[in-house]
Amino acid sequence: MLRFVRNWKALFLLSLLHVGCGDAVCTSRRCLAEMLIKKGFLSQPQTENCTHVIKVPFIEYQTLAVNTKDLRLVSRLQAKIEWLDPELKWNKSDYDYEDVVLPVEKVWTPEILVTNGIVSTMNHNSKDLLVLSDGTVRHSVVLNAEVNCEVNLFNYPFAFDSCPVAIQSWSDTGCGSNLVITTVYNADGSQGDWQTESVELQRKSDSRQYILVNLSIKPTNPFVTLLMPSILILLADMVSFALPLGGGERNGFKVTLVLSFTVFLNILNDILPGDSSCSPIIRTHFCICLVLLVFSMLVSLVLTRLAKDGSLIFCCGSKGTVPDNTEVKADVSVVQISSPEEDGGMLKRVVNFLEAVDADTLKKDRDLKFANNLDKIFFWFYSIGGTMYFIAMIIVMVQYKCVVNHFEFWY
């Protein structure tokens, strides 16, 4: 009987222990997270006015590349966002925690777009997000965008311009979202030949806000690969006037310069930036350089002709000249003694021949001197004009600003 009573008491205590454990409530963070996940609210929080405010306290901007061929700006933006979801708040008397971590796919998250982006993707920076006890949700996202930006390339290789990166939610009217951006920070300022000088947060209206990216090109590499060769080739063309007109060395050298510059332009065809409303003036510069080289070559050829023949008419030779291959052949045949009249006639012919040779020599010297004077005059005009042209072209490349409308995507 005593054994039965003891067993009964043990069974009673075990049953009480079992009932107590079954009625216990889980109050850990993980249980809180599971409770919020089971709510399954995957739609946007919708208040009475049906507009949800998305706060963006911080955006880290980075320029990845500037495509001067297709006129596109490749950017990366990392944004910290937070919004209020009343359905995710909890009573701290039940769960005494300030925050909890939830999976991203179990909670509604806002979508941020780049308005003027040809390609725009938003990715979550983490698979989890943070939820506070009052329903505030904090998260971080990464936007990769390829923006159609008609960069002002008129001053290339001293180009500088500003490109807007417009940020918006999936809808800013009706039951949409209102983005409130606070701060924008430039993460990395150097990308290849381009330098991101600064980024500014600006607004055209309450619903139209954008990041203005101020860009400038580093002139060292383009100057060395583009402008410097053209300057050196024209300088060599100017120095080639030191070669004499005769002999053909100068003409051959100038033809070589023209061919070299043509090959140089063909090689640079893939390097030069694309065309736009503000076409790069460096294309015009190369065209003018080629015209100057060809004009200098033609002038040198004409002056060579003038120095040799004293005439610019190519279809016929000059008159009154003695051919260079004129030879006086000695007559070794035995002649009979002629009369004094015949001797006088023969002597006169010899004198006339020698006078013609002297006249031809004097004419050649006079033509060569005249051609050399013209050559010197053209050299000074060419040198001074070429130097003034290069100075004026560089000033225009640096100072002139071509205006481009970057906000055509807003209508």
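Since we're looking at a predicted model, the values are computed, not measured. Reckoned from all heavy atoms, side chains included, excluding hydrogens, waters and symmetry mates.
- Here the CG-CD1 distance, from N372 to I377, works out to 11.0 Å after rounding to the nearest 0.5 Å.
- Looking only at side-chain heavy atoms (C-beta outward), L227 and F158 come within less than 4.5 Å of each other.
- Residues T262 and V258 share a closest heavy-atom pair of OG1-O, 2.8 Å.
- Proximity of D161 to K401: side-chain heavy atoms (C-beta onward) are separated by under 4.5 Å at one or more points.
- Sorted by first and then second residue, the salt bridge (Lys or Arg N to Asp or Glu O under 4.0 Å) pairs with a member in residues 27-42 read R29-D99; sequence neighbours excluded.
- Checking T196 against N186 by side-chain atom types alone, no donor-acceptor pair falls below 3.5 Å.
- Within the structure, every pair that satisfies the salt bridge (Lys or Arg N to Asp or Glu O under 4.0 Å) test and touches residues 371-384, not counting sequence neighbours, is listed here: R250-D375.
- The heavy-atom pair separating A371 from L303 by the smallest distance is CB-O, 3.9 Å.
- For F58, the CZ atom sits in a packed shell: over 12 heavy atoms of surrounding residues, nucleotides or ligands are nearer than 6.0 Å.
- By the 6.0 Å contact criterion, OH on Y185 is open, its count of non-hydrogen atoms from other residues, nucleotides or ligands being 12 or less.
- Among residues two or more places apart in sequence or in another chain, the side-chain hydrogen bond (donor to acceptor under 3.5 Å, both in side chains) test is passed with S93 by N91.
- Between H139 and H124, the two ring planes are tilted [angle within 30° to 60°].
- Rounded to the nearest 0.5 angstrom, F295 CZ and K254 NZ are separated by 11.0 Å.
- Checking side-chain atoms of N116 against main-chain N and O of A166 turns up a donor-acceptor pair under 3.5 Å.
- In terms of heavy-atom proximity, W194 sits nearest to K218 at O-CE, 3.9 Å.
- By the disulfide bond (SG atoms under 2.5 Å apart) test, C163 is found to be paired with C149, residues two or more places apart in sequence or in another chain being considered.
- The two residues K89 and G135 have their closest heavy-atom pair at CB-N, 3.5 Å.
- Listed by chain and residue number, R138 satisfy the salt bridge (charged side-chain N to carboxylate O under 4.0 Å, His left out) test with E82 (two or more places apart in sequence, or in another chain).
- Residues that satisfy the side-chain hydrogen bond (donor to acceptor under 3.5 Å, both in side chains) test with N144, not counting sequence neighbours, are absent from this structure.
- To the nearest 0.5 angstrom, S230 atom OG is 11.0 Å from L292 atom CG.
- Summarising the geometry, atom OH belonging to Y97 is positioned 5.0 Å from atom OG1 belonging to T27; distances are rounded to the nearest 0.5 Å.
- Expressed to the nearest 0.5 Å, how far CG of D85 lies from CG of L132 amounts to 12.0 Å.
- Residues satisfying the side-chain hydrogen bond (donor to acceptor under 3.5 Å, both in side chains) test with S260, not counting sequence neighbours, are none.
- Residue pairs satisfying the ring pair (Phe, Tyr, Trp, His ring centres under 6.0 Å) criterion with at least one member in residues 233-257, sequence neighbours excluded, are listed as follows: F241-F378, F241-F379, F241-Y382.
- Residues satisfying the salt bridge (charged side-chain N to carboxylate O under 4.0 Å, His left out) test with E98, not counting sequence neighbours, are K92.
- In terms of the ring pair (Phe, Tyr, Trp, His ring centres under 6.0 Å) criterion, H406 has no residue partners (sequence neighbours excluded).
- Applying the side-chain hydrogen bond (donor to acceptor under 3.5 Å, both in side chains) criterion to H52, with sequence neighbours excluded, gives no partner residue.
- The shortest heavy-atom contact between V131 and W90 is O-CH2, 3.5 Å.
- Rounded to the nearest 0.5 angstrom, I231 CD1 and T387 OG1 are separated by 10.5 Å.
- R76 meets the salt bridge (charged side-chain N to carboxylate O under 4.0 Å, His left out) test with no other residue; sequence neighbours excluded.
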